[in-house]
Amino acid sequence: MPNLPEPGSAEAVNLGEPTEPREAATVILLRDREEDGSLEVLLLRRSAESRFMPSVWVFPGGSLDPEDGEGMHGLAVCARRELQEESSIELDESARLIPLARWVTPEVVTRRFDTWFFLAEAPEGVEAVPDGNEMTAATWIRPVDALAQYESGELAIVFPTLKQIEALALSATTAEALAKAEADPASTAPVLPKVIGDAERHRVVLPHAPGHPAGAPSLPATPGGVERLGPR
């Protein structure tokens, strides 16, 4: 299993009462490569100085601010704002944001999020410029290549991000990915992974896989432990 960078100081295990997850929104920006028309996604690398998930590759996104508003409108505002802040890409309000998934951080993690992953088509001709503070690098990459580079250790990717990339690897183009997400009735259902075991030996289990306390394929523990179950 590929190794991840050491956890940041803000990534802590909580063995007491679970904290309330904060609402968050993430944009998975899609485009088709000029060379062959195959699907690409935008990934950003978090700063090595970050207290939370340092040096890992993620989708642009972050927590809902009060001024963003509430409900789906607020989440859409949050998603566009975070995309612009972290990558300098502005997404017009008329651009479609299609839910791909909604993940809730397990209870054993102190900093928890209720994160909506939205798909959006990249504006034509835009390039990502990382903010240089929270994000230090950007890459457009095919999902299948991202998975291969994760396995080889070239890309550090945390569990929720990895699972969304795996889902997108099943689509050949942006149009196909958007259509599949739009037709998926489960795209807005919250996914709450469980971490079972102890501090030394544990694994992450998804809902509906064998071994899930409520009932979910048993998966090996995420690299680096339970603290690598960040929001995006």
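In terms of modelled atom types and a separation under 3.5 Å, the side chain of Glu134 and the main chain of Arg46 share no donor-acceptor contact. With Lys180 contributing its side chain and Leu170 its backbone, the two residues share a donor-acceptor pair below 3.5 Å. Under a 3.5 Å cut-off, the side chain of Ser187 and the backbone N or O of Asp184 do form a donor-acceptor pair. A donor-acceptor pair under 3.5 Å links the side-chain atoms of Glu176 to the main chain of Ala172, judged by distance alone.
Using a 4.5 Å cut-off on side-chain heavy atoms (C-beta onward), Lys163 and Trp103 make contact. Side-chain contact between Thr161 and Phe159 is absent, with no heavy-atom pair separated by less than 4.5 Å. Counting heavy atoms from C-beta on, the side chains of Leu155 and Ile141 come closer than 4.5 Å. Side-chain atoms of Arg112 and Glu20, non-hydrogen and from C-beta on, never get closer than 4.5 Å to each other. A heavy-atom distance below 4.5 Å is not found between the side chains of Cys78 and Trp116. Pro21 is not listed as a side-chain neighbour of Thr105, based on a closest heavy-atom distance of 4.5 Å or more. Between Trp57 and Val158, the closest side-chain pair of non-hydrogen atoms is not below 4.5 Å. Proximity of Thr26 to Phe118: side-chain heavy atoms (C-beta onward) are nowhere separated by under 4.5 Å.
Within a 6.0 Å radius of CD in Glu166, other residues, nucleotides and ligands contribute more than 12 heavy atoms. Counting non-hydrogen atoms of neighbouring residues, nucleotides and ligands closer than 6.0 angstrom, the CD atom of Glu93 reaches no more than 12 such neighbours. No more than 12 heavy atoms of other residues, nucleotides or ligands lie within 6.0 Å of CD in Glu124, so this atom counts as exposed by the packing criterion. In this structure, Arg22 places its CZ atom where only 12 or fewer heavy-atom neighbours from other residues, nucleotides or ligands lie under 6.0 Å away.
Once rounded to the nearest 0.5 Å, the distance linking CG of Leu39 with CG of Asp36 reads 10.5 Å. One finds the OG atom of Ser87 at 7.0 Å from the CG atom of Leu29 (value rounded to the nearest 0.5 Å). Taken to the nearest 0.5 Å, the CZ atom of Phe113 stands 11.5 Å off from the CG atom of Leu64. With rounding to the nearest 0.5 Å, the separation of CG in Leu42 from CD1 in Ile28 is 10.5 Å. Interatomic distance, CD1 of Ile98 versus CG of Leu178, reported as 4.5 Å (0.5 Å rounding). Here Glu82 contributes atom CD and Ser63 contributes atom OG; the two are 7.5 Å apart, rounded to the nearest 0.5 Å.
Side chains of Arg102 and Thr188: a donor-acceptor N/O pair is absent below 3.5 angstrom, by distance only. Glu154 and Ser152 share a side-chain donor-acceptor pair at under 3.5 Å. Judged purely by distance below 3.5 Å, without hydrogens or angles, the side chains of Thr173 and Asp32 never pair a donor atom with an acceptor atom.
Nearest heavy atoms, Leu119 versus Ala181: CD1-CB, 3.7 Å. The two residues Ala137 and Pro130 come nearest to each other via the heavy atoms C-CG, 3.6 Å.
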Notebook entry, point to check: Given Glu40 and Arg142, is the salt bridge (charged side-chain N to carboxylate O under 4.0 Å, His left out) satisfied, shown in steps?
Noted result: CA-CA 4 Å; Glu40 289 185 318; Arg142 297 190 308 164; over 6 Å; no
Checklist line | Step-by-step side chain to side chain contact (heavy atoms under 4.5 Å, CB included) determination, Ile157 to Ile165 | finding: CA-CA 10 Å; Ile157 303 174; Ile165 293 174; 4.0 Å; yes
Check: Does the salt bridge (charged side-chain N to carboxylate O under 4.0 Å, His left out) test come out yes or no for Arg96 and Glu182, once each step is laid out?
Finding: CA-CA 11 Å; Arg96 291 192 303 162; Glu182 200 163 27; 3.2 Å; yes
Check: Could you go step by step and tell me if Arg81 and Asp65 meet the salt bridge (charged side-chain N to carboxylate O under 4.0 Å, His left out) rule?
Finding: CA-CA 10 Å; Arg81 173 179 55 77; Asp65 286 344; 3.4 Å; yes
Notebook entry, point to check: How far apart are the C-alpha atoms of Leu44 and Thr139, what are their side-chain angles, what is the distance that settles it, and do they pass the side chain to side chain contact (heavy atoms under 4.5 Å, CB included) test?
Noted result: CA-CA 7 Å; Leu44 303 178; Thr139 185; over 6 Å; no
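The cationic atom of Arg31 (NZ for Lys, CZ for Arg) lies less than 6.0 Å from the six-membered ring centre of Trp140 and within 45° of the ring axis.
Hydrophobic clustering (ILVMFWY, side-chain heavy atoms < 4.5 Å, transitive): Met72 and Leu91 are in one cluster. Leu162 and Val144 fall into different hydrophobic clusters, defined by Ile, Leu, Val, Met, Phe, Trp and Tyr side-chain heavy atoms under 4.5 Å apart, directly or through other members. Cluster annotation: Phe59 and Val77 are assigned to distinct hydrophobic clusters (Ile/Leu/Val/Met/Phe/Trp/Tyr, side-chain heavy-atom contacts under 4.5 Å, transitive).
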